[in-house]
Amino acid sequence: MSILPELKECFREAIGDLAEDKDDLLELVRRAGDPKFGDYQANFPMPLGKRLKRPPREVAAEVAGRLDVADFCAEPEIAGPGFINLRLRDDWLIERL
């Protein structure tokens, strides 16, 4: 089972009115390349920030604040210039095992 499609839908809703075309942005939501950054990461705040002419970290914070993933993830973390890192909750993973 992959949580990625569900996670992308959560991000689609969180992006909301910040962007009309979200598909290219959602392609930048993926499994983290390094476990120290979590299980999943969203790298779209940088290109979205450029579109909006706003700092990517500010955009990341706004999207993370709108993101409804508490059922299966710990609180999103903003890292670096504007990455959103997510860790799956242990209790959620245990229930699925």
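Predicted model, so just to flag it, every value in this text is computed and none were measured. Below, each value reflects all heavy atoms present in this structure, side chains not excepted, and no hydrogens, waters or symmetry copies.
The minimum heavy-atom distance linking L48 with V59 is given by the pair CD2-CG1, 3.7 Å. Looking at every heavy atom in both residues, D21 comes nearest to L25 through O-CD1, 4.2 Å. Taking all atoms of both residues into account, the shortest heavy-atom contact from Q41 to G33 is OE1-N, 3.6 Å. The minimum heavy-atom distance between D68 and C10, with the atom names listed, is O-SG, 3.7 Å. Scanning all heavy atoms of the two residues, the minimum distance from A64 to I84 falls at N-CD1, 4.3 Å.
Taking D34 as the reference, nothing meets the side-chain hydrogen bond (donor to acceptor under 3.5 Å, both in side chains) condition, with sequence neighbours excluded. With sequence neighbours excluded, the residues forming a salt bridge (charged side-chain N to carboxylate O under 4.0 Å, His left out) with R12 are E9, D23, listed by chain and number. Under the salt bridge (charged side-chain N to carboxylate O under 4.0 Å, His left out) criterion, R54 pairs with E58, E62, sequence neighbours left out. Every residue was checked against the salt bridge (charged side-chain N to carboxylate O under 4.0 Å, His left out) condition with D71, not counting sequence neighbours, and none meets it. E27 is linked by a salt bridge (charged side-chain N to carboxylate O under 4.0 Å, His left out) to K8, counting only residues two or more places apart in sequence or in another chain.
Put simply, L88 and I78 are part of the same group of oily side chains (I, L, V, M, F, W, Y) that touch within less than 4.5 Å, one to the next. Transitive grouping of hydrophobic side chains (ILVMFWY, heavy atoms separated by less than 4.5 Å) brings V29 and L52 into a common cluster.
Screening residues 41-53 for salt bridge (Lys or Arg N to Asp or Glu O under 4.0 Å) gives D24-R51 as the qualifying pairs, with residues at least two apart or on separate chains. Residue pairs meeting the side chain to side chain donor-acceptor pair (under 3.5 Å) criterion with at least one member in residues 76-90, sequence neighbours excluded, are R89-D91. The stretch residues 12-61 participates, sequence neighbours left out, in these ring-ring contact (aromatic ring centres under 6.0 Å, His included) pairs: F11-F44. Sorted by first then second residue, the ring-ring contact (aromatic ring centres under 6.0 Å, His included) pairs that include residues 53-74, not counting sequence neighbours, are F72-W92.
When side chains are defined from C-beta on, V63 does not count as touching P45, because their heavy atoms never get closer than 4.5 Å. With a 4.5 Å cut-off on side-chain heavy atoms, L86 and L67 count as touching.
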Working note: L28 + R30, criterion side chain to side chain contact (heavy atoms under 4.5 Å, CB included); need CA distance, chi angles, decisive distance, verdict.
CA-CA 6 Å; L28 297 174; R30 51 184 63 131; 3.7 Å; yes
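Through side-chain heavy atoms spaced under 4.5 Å, either directly or across other Ile, Leu, Val, Met, Phe, Trp or Tyr residues, L97 is tied to no other residue.
Residue L26 holds its CG atom at 9.5 Å from CG of L7, rounded to the nearest 0.5 Å.
Enclosure of atom CD in E75 is not indicated, since only 12 or fewer non-hydrogen atoms of other residues, nucleotides or ligands lie within 6.0 angstrom.
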